[in-house]
> 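Quick one: the structure is below, and I'll ask about it shortly.
In what follows, every chain begins at residue 1, and chains take the letters A, B, ... in the order their sequences are listed.
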Amino acid sequence: MAPHAYFQAVAGTCYDYYLAIQLYTIAQYLTPAIIINYLSCGIISMYNKKIAAMFNEIADMIEIEDDTRIFEVRAYRKAAMTIDTLQEDVEEILDKGGTKGLMELPGIGEGLAKKIEEFIKTGRMRKYDDMKKKFPMDLDKLTLIQGLGAKKAFRLYNELGVKTIDDLKKAIEAHKVRRLEGFGEKSEAELGKGIGLYQAGISRMLLGTALPEAETIIRKIRGSGLADRVELAGSSRRMKETVGDLDILVTSSKPESIMDFVTGLSEVESVTLKGPTKTTVRLKIGLSCDIRVVERKSFGAGMQYFIGNKDHNVKVRQIAIRKGYKLNEYGLFGKNGKIIAAEDEREIYDKLGMQYPEPEMRENRGEIELSLEHKLPTLIQLGDIKGDLHVHTNNSDGANTLEEMVAQAEALGYSYIGITDHSKSEYVARGMDEARFERYSDQIDRFKDKYEGRVKVLKSAETDILKDGSLDFSNKSLDSMDYVLGSIHTNLNMGREEMTKRIIRCMEGGYLDIWAHPTDRLINARQPIQVDLDRVFEAAKDNGVVMEVDAFPDRLDLNDENITRARKHDLKFSIDTDAHRGDHMLFMRYGIGTAKRGWLTKNEVINTMRYEELMKYFK
DNA sequence: GCCGTTTTCGGCCCGACTGTTTTCAGTCG
C-alpha cells in the first residue's frame, strides 16, 4: 500500500474523529518519503523479529523430525516469544553485556545465546541453515494459518510440493489436499478459510473497541437466563492495550443451550468450533471469541485459568506441583484427587500460599515472587479518581461545550475538571493564541460560579512543546493557569538526542506541570518518538513534572512498561482521558487498567487528591 | 534447550475440539 493510502486508511479507521481529521490532513501535505520516515521512526532492530522467527522455525523442524524432543521444541518457542516481545534490541544487549547479558533473558541459556551472537556477527546461524536444507518451505508463514501446524505443513510439502502459501492455495483449488491420507474435504475447506483470514491481516484490536463488544455479548448471555455466572477473562480482563481474541467464562448447568445461544447471536459471523464446554466463534467486528463453560463449583479455577496470562499460569501450576497439588481449570487438587479449592479464585491463591494478584498484574513480571512474599502493592482503583485533568471543549477541537463537559464530570462524581484546549500551533485543532486564551479564561471564571460547591473548574491548556523546548504561550498566560499541561504534536521524527534535549529543556523551563501523552505513539498507527526516557524521567523528577497516563484507547501513553520505568524514578502520575467529547471521559477505565498494569498505587497519582491538596501540590 | 526451595541431572502445565479415524494425532490456547 502506498504511504498516502496507508495514512488515509489509518485515518479512516481511526477511533477518534478529530484525530482522523488531523491524520488525513497530514497525509495530504507530506511526500511519501517523509511519511515512511515518520512511520518507521523508533522501530526496534529487525534482528529481534528475525531471530524470533528463526527460533520458531527451528522448533517446527524439530517437531516434524522427532516427536520425543518436545521439551527442546518448547525451549525454542519460549525463547522466540521472549525475543519477539522484547522492548530492547538484542544487538544492543549483546554489545553491552555479551552472551552473558543475553543469558539473563528468560528462556535464553548458553546454547541459544551463542546462536544469537553467531547470527548478529555473521548473518548466519548454522543450526538453522543445516535444518532448513531438509525443510525448504515457508514454515514460519504456513504455520500462521489457522489449523495448520508444522507436521501437516511438512506433509503438504512432502506429498504435494507445497512450499508457500500461494502453493497451498493452488493445491486447494485443484482439490489435491483432500486426497491426502488424514486430510479430507473439510480440512481442505478449513485451510482455504484459514488462508483468507491470514491474508486479511492479523493485527490485534484496540481494547477500547474489543471490550465494549465483549460486554454486549456478556450482557446478552446474562439476559438469556441460561447462565449462572458470566464473566470476562483473557487479555481484555487483564486490560491489555490490544487483544487478539475475547474469552468469556460461563457457569451453567445447561452448557449445550449456552453454546446454541452464543452461536446464534447477531454479533457472530461464523462458528469456528463448537463443543459442550468450549466454543469459538468469529465475530463480525473481526475478532475471535472463546466461550468456556464450567460447573459452578469450578468457577474460581476457571477464572484463574482463563484470565491467564499463560506464563503466569505456568508458574502458578509449578508452585502447585511443588506443594504436591495439581491445578487445572476445574480446581486445585490434592494427591488423592481431593478438591483443595475450586469455586473461589482467591482461595486457590491462598491455598498456594500466595497473595491474590489483580488480573492486570498477571503477566509474570515479578508479581508471582511478590505474591509469595505477600508484598504485592495495593493498586489504584477507578473509584480513587477525583477529577480529569486533560479535557477539550469546542473552544478548540472538542465536540461539546464547556458546560456539557463539566456536567459530565459531575455525572461521574468528580470534584474537579481541568479544561485543556489546544494552543495556537495546533491550527488544525483550532488552537488558541494568548488573546483567545484570555477571553476563554474569563468565560471559565464567569462559568465557575454556576458550579460552585459542585465541580471545581481548573484553567489550563494543552500547550505545545515547541521544537526548541519552549512552550506555545507567553509566560503571562502560563502564569494565569492553575497548572500547565504540555505535549508534543509537531516535529515528531526528531533524532533521539535532539528530542531528549528538547523535552528536558522544556522541563527545566519551570512552567510544565504535566507532560501529556509522553511518547506520542498511536497504537497500530504510529511509533513512539525517539527519546531517552530515563534521562527525561530524571529531569522530570528534578523539576517536579508529572507524567500523564493518557487513557484514550489508541494512546494509552505512558503504557504499562514505561509506567514501570518511570516509577523507578519516583515520579508522580496523572491519569486523564484527553476527552474530545463528553462520553470520552468514560475512557478513564482504560487509563486505570493501564496504570494497574504498571503497578501504580493511589499515592502516586495526583488526581486522586482532594481539590485543596491538588491546588497546594501545583503551587 | 533451559533451569534450580526437588535439582548441575532430571524434570519441564494441562485439557478441549476436530477430522479422520475406529482410538488418536494434530492443533490450539
> Report which part of the nucleic acid A:Ala150 touches: base, sugar-phosphate, or nothing (heavy-atom distance under 4.0 Å, all strands).
sugar-phosphate

> In whole angstrom, give the distance that lies between atom CG of A:Leu332 and atom C1' of B:dC14.
14 Å

> Under 4.0 Å, counting only non-hydrogen atoms across every strand here, what does A:Tyr76 touch: a base, just sugar-phosphate, or nothing?
sugar-phosphate

> Provide, to the nearest angstrom, the distance between the CE atom belonging to A:Met81 and the P atom belonging to B:dC12.
21 Å

> Rounded to whole Å, how long is the line connecting atom CD of A:Gln318 with atom C1' of B:dC3?
10 Å

> Among A:Lys127, A:Lys133, A:Lys132, whose salt bridge (Lys or Arg N to Asp or Glu O under 4.0 Å) with A:Asp130 holds?
A:Lys133

> What distance, rounded to whole Å, do you find between the two C1' atoms, one in B:dG10 and one in B:dG15?
25 Å

> Have a look at A:Lys310 and say if it touches a base, only the backbone sugar-phosphate, or nothing, with a 4.0 Å heavy-atom cut-off.
base

> Using the C1' atoms only, state how far B:dT6 lies from B:dC12, rounded to an integer number of Å.
13 Å

> Assuming nearest nucleotide by heavy-atom distance, tell me which of A:Asp67 and A:Gly107 is located more 5' along DNA chain B.
A:Gly107

> Expressed as a whole number of angstroms, how long is the span from A:Leu148:CG to B:dC17:P?
22 Å

> Of all the choices, B:dT18, B:dC2, B:dC28, which nucleotide is nearest to the side chain of A:Gln146 once you look at every atom?
B:dC28

> For A:Gly275 and for A:Glu72, locate the closest nucleotide of DNA chain B by heavy-atom distance; then report the residue assigned to the nucleotide nearer the 5' terminus.
A:Glu72

> Flag yes if more than 12 heavy atoms outside A:Met81 fall under 6.0 Å of its CE atom; otherwise flag no.
no

> Contact class for A:Lys323 vs. all strands (heavy atom < 4.0 Å): base, sugar-phosphate, or nothing?
nothing

> Using a 4.0 Å heavy-atom cut-off, does A:Glu110 contact any base of the nucleic acid, only the sugar-phosphate backbone, or nothing at all?
sugar-phosphate

> Any idea which of B:dG1, B:dA16, B:dG19 is nearest the A:Ser187 side chain?
B:dG19

> For A:Glu110, look at atom CD and say whether over 12 heavy atoms of other residues, nucleotides or ligands are found less than 6.0 Å away.
no

> Side chain of A:Lys274, heavy atoms from C-beta onward: which of B:dG29, B:dT18, B:dC13 has the nearest atom to it?
B:dT18

> Quick check: closest heavy atoms across A:Val230 and A:Arg222, and the distance to 0.1 Å?
O-NH2, 2.6 Å

> Under 4.0 Å, heavy atoms only, any strand: does A:Glu63 hit a base, just the sugar-phosphate, or nothing?
nothing

> Work out how far the P atom of B:dT20 is from that of B:dA16, and round it to whole angstrom.
22 Å

> Would you indicate, yes or no, if B:dT6 has its OP1 or OP2 atom less than 4.0 angstrom from a side-chain nitrogen or oxygen of A:Arg322?
yes

> Under a 3.5 Å limit for both distances, which nucleotide forms a Watson-Crick or G-U wobble pair with B:dG29, could you say?
B:dC14

> B:dC17 and B:dC13: how far apart are their P atoms, nearest whole angstrom?
22 Å

> OP1, OP2 of B:dA16 versus side-chain N and O of A:Tyr330: anything below 4.0 Å?
yes

> Counting only side-chain heavy atoms from C-beta out, which of B:dC12, B:dG29, B:dG15 sits nearest to A:Asn328?
B:dG15

> Can you find a side chain N or O atom of A:Arg74 that sits less than 4.0 Å from OP1 or OP2 on B:dC13?
yes

> Return the value, rounded to whole Å, for the distance between atom CG of A:Asp245 and atom P of B:dG29.
7 Å

> Could you measure between the two P atoms, the one in B:dG26 and the one in B:dT21, and give it in whole Å?
13 Å

> From B:dT21, B:dT27, B:dC13, pick the nucleotide closest to the side chain of A:Lys151?
B:dT27

> Would A:Lys169 and A:Thr164 count as having a side-chain donor-acceptor pair, cut-off 3.5 Å?
no

> Just call it for A:Ile145: base, sugar-phosphate, or nothing, with non-hydrogen atoms closer than 4.0 Å on any strand.
sugar-phosphate

> Does A:Ile70 reach a base, just sugar-phosphate, or nothing at all? Heavy atoms under 4.0 Å.
nothing

> Under the side-chain hydrogen bond (donor to acceptor under 3.5 Å, both in side chains) test against A:Asn313, which residue among A:Gln304, A:Arg362, A:Gln318, A:Glu329 passes?
A:Gln304

> Is any side-chain N or O of A:Lys326 closer than 4.0 Å to OP1 or OP2 of B:dG15?
yes

> Using a 3.5 Å distance criterion without hydrogens, assess whether the side chain of A:Arg317 forms a donor-acceptor pair with backbone atoms of A:Lys326.
no

> The side chain of A:Thr277 lies closest to which of these nucleotides: B:dC13, B:dC28, B:dC17?
B:dC17

> At their closest point, which heavy atom of A:Gly208 faces which heavy atom of A:Pro553, and how far apart are they?
CA-CB, 3.9 Å

> Tell me: NZ of A:Lys315 to P of B:dT5, nearest whole Å?
11 Å

> Could you tell me the separation between the CZ atom of A:Arg69 and the P atom of B:dG1, rounded to a whole number of Å?
7 Å

> How many whole angstroms separate atom OH of A:Tyr325 from atom P of B:dT6?
14 Å

> B:dC17, B:dG26, B:dC2: which one has an atom nearest the side-chain heavy atoms of A:Pro276?
B:dC17

